[in-house]
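Take a look at the structure set out below.
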2 protein chains.
Amino acid sequence: MKDKPLPTRDRILQAAGKLFQQDGIRTVSVDAIAEKAGVTKRTLYYHFRSKDDLIAAHLQARDEPNLALFKRWFNEAEGDIAEKVGGIFRHLAHSARIAKWKGCGFLRTSVELINLPGHPALIVARAHKKRVEDWLSTIFMEAGADNDAAPLARQIMLLLDGSFAVVLLHRDPSYMETAAEAAARLISDRLPVSGRLQPIVASQTI
Amino acid sequence: MKDKPLPTRDRILQAAGKLFQQDGIRTVSVDAIAEKAGVTKRTLYYHFRSKDDLIAAHLQARDEPNLALFKRWFNEAEGDIAEKVGGIFRHLAHSARIAKWKGCGFLRTSVELINLPGHPALIVARAHKKRVEDWLSTIFMEAGADNDAAPLARQIMLLLDGSFAVVLLHRDPSYMETAAEAAARLISDRLPVSGRLQPIVASQTI
DNA sequence: CAAAGTATACCGGGTAGTGAATATACACAA
DNA sequence: TTGTGTATATTCACTACCCGGTATACTTTG
């Protein structure tokens with residue numbers, strides 16, 4: 001589409017993103033990232049202080065778009081809240097069916113950096129997951145779950161991240177539909193009136 | 001206790017186990033394992049064809065004891081099936097509260113070897129998780145869940161592996177109690193008579 | 001000119017894996 | 001009992017390579 005020449009820093013981030021997603025963090029060398037970005041290693045180190053910095057910056061760059069995607073999937077799905085949350089799982093299952101899918105980069109980071117407890121990328125990853133959880137919690141709260149909203153959001157997160165882990169291992173996206181079903185049960189158990197969302201815009205179907 | 005001199009191969013396996021668990025697979029060098037086992041690297045390569053072989057052997061060695069632990073935690077817990085499954089999560093939470101806890105080695109392997117789809121260790125890891133799932137499925141089946149047994153077992157696995165992933169990231173074991181509560185809801189939703197386990201031996205109720 | 005950005009070439013250290021020789025244990029013959 | 005052959009088990013020293021990071025000098029651009 002638009003081949004806007006994209007600033008060097010962003011080209012590096014983009015190259016790093018593709019490689020990290022595909023092959024993991026530790027196996028991807030700085031040299032490989034620099035080459036993929038069409039830049040020498042020295043240039044990369046001009047824009048990022050270290051590989052660790054680059055990793056954190058990479059996750060930071062993924063934070064917002066990732067959350068936005070979840071919101072879109074939720075909003076575009078039809079039905080009550082249980083079904084709208086199910087929409088997230090269904091879209092995830094769809095993604096997982098393409099060969100290149102490699103699970104959740106934020107969770108994977110916590111595994112790859114397991115021996116570096118204070119790593120800056122871990123802080124970014126935790127913040128991201130918390131944002132998603134808080135967003136879910138808000139939704140349940142607005143739907144009248146009251147005191148159940150927070151624990152319910154946590155349970156959905158467990159199913160969500162569980163899906164990432166299990167599907168990454170077994171390479172069987174149908175687990176995500178199983179997760180969607182579990183989420184639906186947990187949600188409709190605790191939401192009043194089967195939790196149909198109040199019309200936000202104008203014409204929400206009644 | 002008993003300082004039986006333990007065959008070399010097992011000493012290597014044990015050393016590898018500790019290091020892999022603590023620091024991950026990729027970051028631990030063969031040299032480090034050999035040193036920890038009190039053995040030269042060359043003798044390590046006498047007992048294992050490659051590091052990849054060693055990884056697979058390590059997971060294989062953990063398969064049986066790990067499952068046995070789950071079974072013990074389940075059996076020792078009091079109450080109906082929901083509570084007995086909850087016992088697994090509670091024991092897990094207890095483990096996770098000690099500093100050295102590092103999540104599930106089987107799941108972590110699938111992350112660390114993400115760019116080696118055919119790696120033998122992945123096959124071992126998948127088989128292990130399947131064994132756990134099948135064991136749960138059998139339990140639910142015997143409790144009368146019928147057609148719901150298999151999907152229910154998968155949902156418990158999602159919560160279980162989700163717990164591993166989430167707690168590893170956030171370092172907050174209370175998620176495991178949230179998972180236990182979700183599991184209890186999903187189970188008692190689908191088990192008849194609140195799912196108290198029938199005596200297995202003679203008197204199976206018809 | 002000065003600052004930002006890029007290129008070449010390099011360093012010290014760590015990696016998985018190997019070659020060749022040696023040590024140990026045990027079977028069997030004298 | 002002693003000597004010898006053989007398979008198992010172990011060691012030391014080594015290769016060939018890859019990694020994150022850097023010193024220095026050059027080029028572009030306001």
Side-chain angles (χ1 to χ4, degrees), chain A residues 4-59 108-109 111-122, chain B residues 4-20 22-59 61 108-109 111-122:
Chain A
K4 191 76 156 304
L6 211 59
T8 306
R9 194 191 135 96
D10 292 338
R11 274 204 346 266
I12 296 171
L13 265 175
Q14 181 177 306
K18 278 184 190 168
L19 291 176
F20 284 158
Q21 186 66 18
Q22 233 172 62
D23 301 328
I25 288 174
R26 303 207 88 125
T27 60
V28 171
S29 71
V30 176
D31 298 75
I33 297 168
E35 189 190 338
K36 178 128 186 166
V39 161
T40 51
K41 191 163 45 162
R42 194 62 187 86
T43 302
L44 186 152
Y45 276 99
Y46 177 83
H47 291 279
F48 300 93
R49 200 151 42 77
S50 64
K51 184 183 180 182
D52 292 324
D53 253 40
L54 177 55
I55 297 167
H58 156 64
L59 286 191
R108 281 170 43 193
T109 300
V111 171
E112 294 214 62
L113 304 181
I114 198 159
N115 59 337
L116 305 171
H119 197 289
L122 291 178
Chain B
K4 191 77 155 302
L6 209 61
T8 306
R9 194 191 135 98
D10 293 340
R11 274 202 347 266
I12 296 171
L13 226 35
Q14 181 177 305
K18 279 183 188 168
L19 292 176
F20 285 157
Q22 232 171 63
D23 301 328
I25 288 174
R26 304 207 87 126
T27 61
V28 171
S29 70
V30 176
D31 298 74
I33 297 167
E35 189 189 340
K36 178 129 187 165
V39 162
T40 314
K41 187 163 50 162
R42 199 63 184 82
T43 83
L44 186 151
Y45 276 99
Y46 175 82
H47 291 279
F48 300 92
R49 201 152 40 78
S50 63
K51 184 181 180 182
D52 292 323
D53 253 39
L54 177 55
I55 298 167
H58 155 64
L59 286 191
R108 280 169 44 194
T109 300
V111 171
E112 294 214 62
L113 304 182
I114 198 158
N115 59 336
L116 304 171
H119 197 290
L122 291 178

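Below, read A as the first sequence line, B as the second, and so on, with proteins coming before strands; counting in each chain starts at 1.
Here the CZ-OG1 distance, from B/Phe48 to B/Thr43, works out to 10.0 Å after rounding to the nearest 0.5 Å. Note that OG1 of B/Thr8 is 12.0 Å distant from CG of B/Leu13, once rounded to the nearest 0.5 Å. Taking CG from B/Asn115 and CG from A/Asp23, the interatomic distance works out to 5.0 Å, rounded to the nearest 0.5 Å. Rounding to the nearest 0.5 Å gives a distance of 5.0 Å between CD of A/Gln21 and CZ of A/Arg108.
We find that CD1 of B/Ile25 is positioned 16 Å from C1' of C/dT15, with the value rounded to whole Å. Look at CD on A/Glu35: it is 13 Å from P on C/dA7, rounded to the nearest Å. Note: CZ (A/Arg11) to P (C/dG5) measures 12 Å, nearest angstrom.
Note on A/Ser29: only backbone sugar-phosphate atoms sit closer than 4.0 angstrom, heavy atoms only; bases stay farther off.
Extent of DNA chain D lying under 4.0 Å from chain B heavy atoms, first and last nucleotide in 5' to 3' order, is D/dT8 to D/dC12.
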Under 3.5 Å, which protein N or O atoms sit close to an N or O of nucleotides 17-24 of chain C? Give each pair with its distance.
from, atom 1, to, atom 2, distance (Å)
C/dG17, OP2, B/Tyr45, OH, 2.8
C/dG17, OP2, B/Lys51, N, 3.0
C/dG17, N7, B/Lys41, NZ, 3.0
C/dG17, O6, B/Lys41, NZ, 2.4
C/dG19, N7, B/Arg42, NE, 3.3
C/dG19, O6, B/Arg42, NE, 2.7

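Proximity of a side-chain donor or acceptor of B/Ser50 to a complementary backbone N or O of B/Asp53 within less than 3.5 Å is detected. Distance alone, capped at 3.5 Å, places no donor-acceptor pair between the B/Arg26 side chain and the A/Thr27 backbone.
In terms of phosphate contacts, A/His47 brings no side-chain nitrogen or oxygen within less than 4.0 Å of OP1 or OP2 of C/dA4.
A/Phe20 is not listed as a side-chain neighbour of A/Thr109, based on a closest heavy-atom distance of 4.5 Å or more.
Residue A/Ile25 forms a side-chain contact (heavy atoms from CB on, under 4.5 Å) with just one option from A/Ile55, A/Val111, A/Leu54, and that option is A/Ile55.
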